Amino acid sequence: MPESPITPRSQDFAAWYQDVVLQGDMAEPAEVVKGCMVIKANGYAIWELIQRQLDDRFKATGHQNVYFPLLIPQSFLHKEAEHVEGFSPELAVVTIAGGKELEEPYVIRPTSETIIGHFFSKWIQSYRDLPVLLNQWANIIRWELRTRLFLRTTEFLWQEGHTAHSTHEEAMAEVLRMLDVYAQVAEDEMAMPVIKGAKTQSEKFAGAVRTYAIEAMMQNGLALQSGTSHDLGQNFGRAFDVKFQSKEGQLEYVWQTSWGVSTRLIGGLIMSHSDDKGLVLPPRLAPVKSVLVPIYRKDDEKARVLEAAERIARDIGAKVDDREGQSPGAKFFHWERRGVPIVLELGPRDLASNNVVLKRRDTGVKETVPQADLAARIPDTLDRMQKDLYNAAKQRLKDNTVLANSIGEVEAILRDVTAEKGGGKFVMAHMKDDPACDARIKEFKATVRCIPLVDEFDGAGKCILTGEPVDRRVVIAKAY
RNA sequence: CGGGGCGUAGCGCAGCCUGGUAGCGCACCUGCCUUGGGCGCAGGGGGUCGUGUGUUCGAAUCACACCGCCCCGACCA
């Protein structure tokens with residue numbers, strides 16, 4: 001793959017993002033399939049690490065993995081009024097199969113609440129069958145008008161958790177537990193600070209009673225909804241007749257939840273940490289943590305350097321870049337734009353002094369380290385990088401969060417913000433959860449991102465639009 | 001779907017206005033040389049010029065139609 005320059009963030013953030021993805025060889029547009037992408041080995045390896053972190057936590061909280069069909073009878077979508085209304089515009093529908101027009105078309109799943117609802121109604125009879133705690137790793141299709149690699153594509157990979165409970169209280173605990181799991185993975189593994197909150201009624205998932213989300217801030221100040229957890233109430237229970245007999249002998253509808261994160265997280269990861277030289281990965285999600293570049297001139301030198309390189313790399317689990325015909329400089333650039341946290345240089349000088357040159361991807365700082373110390377220094381450095389990246393992102397979130405006390409202020413702050421130019425802020429303002437208020441915010445292309453679960457500001461106040469009392473500030477921002 | 005732009009080698013482009021049988025940079029292959037931040041030199045391979053129809057002795061170039069893609073707006077994890 002040809003390696004071209006990367007557009008600086010300050011010039012055009014959106015172009016920068018695209019360059020980082022392409023030059024990091026993580027994904028490319030599918031080209032022959034509108035709106036879809038090919039996730040390449042470097043991108044998929046990151047997804048596998050994220051999957052592992054999530055899946056371990058799902059298992060630890062009692063969930064089991066399952067798999068439901070890609071195709072869903074069209075009529076299922078119609079059983080929940082809000083659900084069909086929300087998803088209709090983005091459905092792909094199969095009408096012909098086996099050379100014949102189907103009696104009833106199938107939709108390609110945009111999400112699986114409906115088909116899972118159907119099976120829940122078969123499987124659940126008694127309170128003894130509850131809770132049901134399931135998860136599936138799957139691909140889904142939502143016909144999108146405007147796509148961006150990882151952030152929004154027509155087909156994407158995700159996981160969707162689906163659970164059924166005997167009480168609303170228990171379902172709510174599940175909703176918040178999984179929101180916490182998402183926040184943990186985002187912060188501890190991705191080094192991406194997030195705000196946990198509730199979506200407004202007009203922003204919630206089609207068919208949910210209430211949607212909760214984690215929102216992250218990208219380097220251009222735009223918000224990225226990075227995970228959602230829904231309280232479905234009894235909406236799908238009613239739509240699919242999922243009833244159970246309680247201890248008291250009553251027939252009741254189950255209380256359901258669903259929650260998901262997608263390959264969009266990779267986009268969030270990229271836009272949280274990367275720089276004008278390319279991808280920067282937090283060590284915990286770096287498929288390759290260190291690479292050793294050997295440097296030599298003559299053949300005898302080459303033999304000695306490569307031998308030492310192999311020995312050192314074996315001790316510390318590094319990859320040796322021994323490709324022929326590439327200069328060391330070319331190799332440094334190559335790994336730099338792939339986000340490898342640590343690049344080591346080993347040449348004749350180091351051989352003579354028993355040192356190695358160690359370079360950190362995030363700071364760009366090089367230091368000379370005795371070979372004997374490497375085994376300890378590398379995990380140490382990786383740990384420090386992980387923390388530094390989180391702290392830098394946290395600081396940026398803090399620096400770009402501002403208070404506003406009138407709709408005019410909100411608009412002034414966000415007026416000129418775009419994905420390309422950046423300058424985005426999280427604007428904290430008192431606002432009522434009312435579709436009419438959301439609509440006013442949307443007039444200048446921003447949205448209410450969430451109503452934070454934890455109020456870190458000044459508590460109650462008056463809605464900047466209606467003047468009615470509300471108990472805390474909401475997050476308003478432009479978003480992906 | 002509305003507005004704008006673009007289809008010429010794997011990628012990025014020039015050539016088109018003024019018709020004469022296709023070129024540049026990167027990448028790729030071979031050899032030599034180099035190697036502490038994108039080495040250099042020499043040689044080489046690769047194109048139904050998006051598709052179709054028309055005009056013409058002759059079309060990448062002119063005309064018409066179609067197809068596709070990208071950007072900007074209205075929907076969205």
Side-chain angles (χ1 to χ4, degrees), chain A residues 1-6 12 14-15 18 22-23 28-35 85-91 110-111 138-148 150-160 182 199 202-206 211 213-216 223-230 258-268 277-278 293-299 301-302 305-306 321-337 343-353 355-357 359 364 366 368 418-420 442-443 445 447 449 479-480:
Chain A
M1 132 131 225
E3 301 199 343
S4 313
I6 292 170
D12 182 340
Q18 178 140 253
L22 296 175
Q23 295 303 319
E28 66 181 64
E31 162 182 288
V32 287
V33 187
K34 189 172 164 55
E85 193 189 330
F87 281 105
S88 285
E90 33 184 339
L91 294 179
T111 179
N139 57 335
I140 63 181
I141 283 194
R142 297 179 185 177
W143 213 256
E144 299 289 350
L145 298 176
R146 181 143 155 63
T147 58
R148 298 179 199 260
F150 289 119
L151 298 173
R152 171 162 298 108
T153 47
T154 292
E155 180 185 15
F156 59 93
L157 305 183
W158 78 343
Q159 67 52 227
E160 44 182 325
Y182 290 156
K199 287 281 171 183
S202 74
E203 291 284 324
K204 73 178 185 191
F205 174 76
T211 288
I214 52 171
E215 293 283 331
L224 185 73
Q225 178 172 308
S226 306
T228 51
S229 186
H230 313 292
S258 67
W259 27 274
V261 297
S262 71
T263 37
R264 165 180 270 194
L265 286 178
I266 298 172
K277 294 172 181 168
V293 176
I295 297 159
Y296 45 78
R297 278 183 299 267
K298 306 272 182 289
D299 276 351
E301 208 168 74
K302 175 178 169 182
V305 169
L306 279 181
D321 185 354
D322 56 1
R323 287 175 297 162
E324 298 282 348
Q326 292 258 19
S327 68
K331 291 177 181 177
F332 296 145
F333 277 91
H334 179 83
W335 296 111
E336 184 167 73
R337 59 180 49 200
V343 172
L344 302 165
E345 305 175 19
L346 183 75
R349 289 209 297 265
D350 309 299
L351 232 46
S353 59
N355 288 325
V356 163
V357 175
K359 183 173 183 187
K366 271 188 193 184
T368 303
T418 65
E420 293 73 29
K442 279 190 175 167
E443 283 172 21
K445 301 182 196 319
T447 44
R449 300 314 303 163
Y480 277 99

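Keep in mind it's a predicted model, so treat the numbers as computed, not measured. Chain identifiers are assigned alphabetically (A, B, ...) following the order of the sequence lines, protein sequences preceding nucleic acid strands; residue numbering begins at 1 within each chain. Quick note: numbers below take in every heavy atom, side chains included, and nothing from hydrogens, waters or symmetry partners.
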Between CD of A/Gln23 and P of B/C26 the distance, given in whole Å, is 16 Å

Identity of whatever pairs with B/A22 - Watson-Crick or G-U, under 3.5 angstrom: none

Return the 5'-most residue of the pair A/Gly329, A/Ser262 with respect to RNA chain B, ranking by each residue's nearest nucleotide. A/Gly329

Under 3.5 Å, is there a donor-acceptor pair between the side chain of A/Arg323 and the main chain of A/Lys331? no

Could you state the atom-to-atom distance from CZ of A/Phe87 to C1' of B/C75 in whole Å? 12 Å

Across every strand shown, the nucleotide meeting Watson-Crick or G-U wobble geometry with B/C67 (both distances under 3.5 Å) is B/G7

Find the partner of B/C17: check Watson-Crick (N1-N3 plus N6-O4 or O6-N4) and G-U wobble (N1-O2, O6-N3) distances, both under 3.5 Å, and reply none if neither fits. none

Spacing between A/Arg148 atom CZ and B/C71 atom P, to the nearest angstrom: 8 Å

Interatomic distance at C1', B/U21 relative to B/U8, whole Å: 15 Å

Complementary nucleotide of B/G47, counting Watson-Crick and G-U pairs under 3.5 Å: none

Inspect the contact between A/Glu324 and A/Lys302 and indicate whether a charged nitrogen and a carboxylate oxygen are less than 4.0 angstrom apart. yes

Is the aromatic ring centre of A/Phe156 closer than 5.5 Å to the centre of the six-membered base ring of B/A77, with the two planes inclined by less than 30°? yes

Do any N or O atoms from the side chain of A/Lys277 and from the backbone of A/Glu336 form a donor-acceptor pair under 3.5 angstrom? no

Looking only at the side chain of A/Ala330 (C-beta and beyond, no hydrogens), which of the listed nucleotides B/A77, B/G38, B/U35 gets closest? B/G38

Walking RNA chain B from its 5' end, the first of A/Lys302 and A/Lys445 to be reached, judged by nearest nucleotide, is A/Lys302

Provide, to the nearest angstrom, the distance between the CD atom belonging to A/Glu324 and the P atom belonging to B/C33. 14 Å

Considering residues, nucleotides and ligands other than A/Glu85, do more than 12 of their heavy atoms fall under 6.0 Å from its CD? no

Rounded P spacing from B/C16 to B/C33 in Å: 44 Å

Per A/Gln225 side chain, nearest of listed nucleotides B/G36, B/G38, B/A77: B/A77

Quick one: are A/Phe332 and A/Glu345 in side-chain contact, heavy atoms under 4.5 Å? yes

Base-pairing assignment for B/C32 (Watson-Crick or G-U wobble, both under 3.5 Å): B/G40

Sugar-phosphate, base or nothing in reach of A/Glu345, heavy atoms under 4.0 Å: base

For the C1' atoms, the ones on B/C57 and on B/A14, what distance do you get once it is rounded to whole angstrom? 29 Å

Roughly how far apart, to the nearest Å, are B/G73 and B/U51 at atom C1'? 30 Å

How long is the span from the CG atom in A/Leu346 to the CG atom in A/Leu306, to the nearest 0.5 Å? 9.0 Å

Which of these nucleotides, B/G36, B/U35, B/G38, is closest to any side-chain atom of A/Tyr296? B/U35

Which is it for A/Arg142 and A/Thr111 under the side-chain contact (heavy atoms from CB on, under 4.5 Å) test, yes or no, and what are the steps along the way? CA-CA 9 Å; A/Arg142 297 179 185 177; A/Thr111 179; 3.7 Å; yes

Spacing of the P atoms in B/A74 and B/C6 (rounded, Å): 24 Å

May I have the distance from A/Asp299 (atom CG) to B/U34 (atom C1'), rounded to whole angstrom? 12 Å

Within the 4.0 Å heavy-atom criterion, would you say A/Ile140 contacts the bases, only the backbone, or no part of the nucleic acid? nothing

Quick test: give all pairs of protein nitrogen or oxygen and nucleotides 43-46 of chain B nitrogen or oxygen below 3.5 Å, distance rounded to 0.1 Å.
none

Which one of A/His230, A/Glu203, A/Lys204 satisfies the side chain to side chain donor-acceptor pair (under 3.5 Å) criterion with A/Thr211? A/His230

Atom P, compared across B/G40 and B/U34: separation rounded to whole Å: 15 Å

Partner nucleotide of B/G73 by Watson-Crick or wobble geometry (both distances under 3.5 Å): B/C1

Considering every strand and a 4.0 Å limit on heavy-atom distances, what is the contact class for A/Pro89: base, sugar-phosphate, or nothing? nothing

Tell me: CG of A/Leu22 to C1' of B/C11, nearest whole Å? 11 Å

Need one value for A/Pro29: base, sugar-phosphate or nothing, where a base atom within 4.0 Å counts as base even if backbone is also close, heavy atoms only. nothing

Determine the Euclidean distance between corresponding P atoms of B/G50 and B/A59; express it in Å to zero decimal places. 15 Å

Find the distance A/Gln326:CD to B/U35:C1' and express it as a whole number of Å. 11 Å

Take A/Trp143 and A/Leu91, measure what side-chain contact (heavy atoms from CB on, under 4.5 Å) needs, and give me the verdict at the end. CA-CA 6 Å; A/Trp143 213 256; A/Leu91 294 179; over 6 Å; no

For B/U61, give its Watson-Crick or G-U wobble partner with both distances under 3.5 Å, or none. none

A/Arg337 CZ to B/G38 P: how many Å, rounded? 13 Å

Among B/G38, B/A77, B/U35, the one nearest A/Thr153 by side-chain distance: B/A77

Rounding to the closest angstrom, what is the interatomic distance between B/A60 and B/C66 at atom P? 23 Å

Checking all strands, does A/Val357 fall into the base, sugar-phosphate, or nothing category for heavy-atom contacts under 4.0 angstrom? base

Base, sugar-phosphate, or nothing: which does A/Gly260 touch, judged by heavy atoms less than 4.0 Å apart? nothing

If I take atom CG from residue A/Leu22 and atom CZ from residue A/Arg337, how far apart are they, to the nearest 0.5 angstrom? 10.5 Å

Side chain of A/Glu420 only, heavy atoms from C-beta on: which candidate in B/C72, B/A77, B/G36 is closest? B/C72

